[in-house]
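This one's a predicted model, so the numbers in the text were calculated from it and none came from an experiment. Sequential numbering from 1 along the given sequence is applied to the chain's residues. Computed over heavy atoms, backbone and side chain alike; hydrogens, waters and symmetry mates excluded.
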Amino acid sequence: QVQLVESGGGLVQPGGSLRLSCAAPIRYFSDVPMGWYRRAPGKQLELVAGISSAGSTNYADSVKGRFSISRDNAKKTVYLQMDSLKPGDTAVYYCNDPNDSDRYSWGQGTQVTVSS
């Protein structure tokens, strides 16, 4: 079972930026889609961004225009650039298959807190 490792979260003020990283030790990383999920307290798990093996991307409406997902196949890492952060973005962020949220073992996630 593949274990994903998320990092890069932190505390930022509204309007700030963060860049999250997910280390994904998947043998054929370049051939699989990757995505970012988040869970806020009292909220359901939400897929916020996905990227295909070919590099096509999709985003939840709540983050369109503010977040950007990318991948570095050589490093087996997927990133989430988050700009113009809002308090509603506060959540624990996880990576996994955007088409199957439990394909890989969940990592610890990385906490993003947006607060003034």
Please check: side-chain N/O of [X] versus main-chain N/O of [Y], any donor-acceptor pairing under 3.5 Å?
X      : Y      : answer
Thr77  : Ala23  : no
Gln108 : Glu6   : no
Tyr59  : Ile69  : yes
Asp97  : Arg103 : no
Thr110 : Gly9   : yes
Asn73  : Lys76  : no

Exercise. Taking 4.0 angstrom as the limit, do Asp61 and Lys64 come out as a salt bridge?
Worked result: yes
Any heavy-atom pair between the side chains of [Y] and [X] that's under 4.5 Å?
X      : Y     : answer
Trp36  : Val78 : yes
Tyr104 : Ile26 : yes
Val112 : Leu20 : yes
Phe67  : Leu85 : yes
Pro14  : Pro87 : yes
Pro25  : Val2  : yes

Exercise. With sequence neighbours left out, what residues match Ser62 under side-chain hydrogen bond (donor to acceptor under 3.5 Å, both in side chains)?
Worked result: Arg38, Glu46
Which heavy atom of [X] sits nearest to which heavy atom of [Y], and what is that distance?
X     : Y      : answer
Leu4  : Cys22  : CB-SG, 4.2 Å
Asn96 : Ser101 : ND2-O, 2.9 Å
Val32 : Ser53  : N-CB, 4.0 Å
Gly8  : Leu18  : O-CD2, 3.8 Å
Gly50 : Pro98  : CA-CB, 4.2 Å

For this session: Tell me whether Val48 is reachable from Met34 by hopping between hydrophobic residues (I, L, V, M, F, W, Y) whose side-chain heavy atoms are closer than 4.5 Å.
Result: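 Yes, Met34 and Val48 fall within the same hydrophobic cluster.
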Problem set entry | Single-linkage hydrophobic cluster, 4.5 Å side-chain cutoff, Val92 and Leu47 together | yes
Exercise. When you check the side-chain N and O atoms of Ser17 and Asp83, is any donor under 3.5 Å from an acceptor?
Worked result: yes
Exercise. What's the spacing between Asp72 CG and Ser21 OG if we round to 0.5 Å?
Worked result: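 Interatomic distance, Asp72 CG to Ser21 OG, rounded to 0.5 Å: 10.0 Å.
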Problem set entry | Whether over 12 other heavy atoms sit under 6.0 Å from Gln111 CD | yes
For this session: Using the six-membered ring of Tyr93, assess whether NZ or CZ of Arg39 lies under 6.0 Å from its centre and within 45 degrees of the ring axis.
Result: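 The answer is no; the distance or angle limit is not met.
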Exercise. Quick one: is the NZ or CZ of Arg19 closer than 6.0 Å to the six-membered ring centre of Tyr79, and within 45° of its axis?
Worked result: yes
Problem set entry | Aromatic centroids of Tyr37 and Trp106 separated by under 6.0 Å | yes
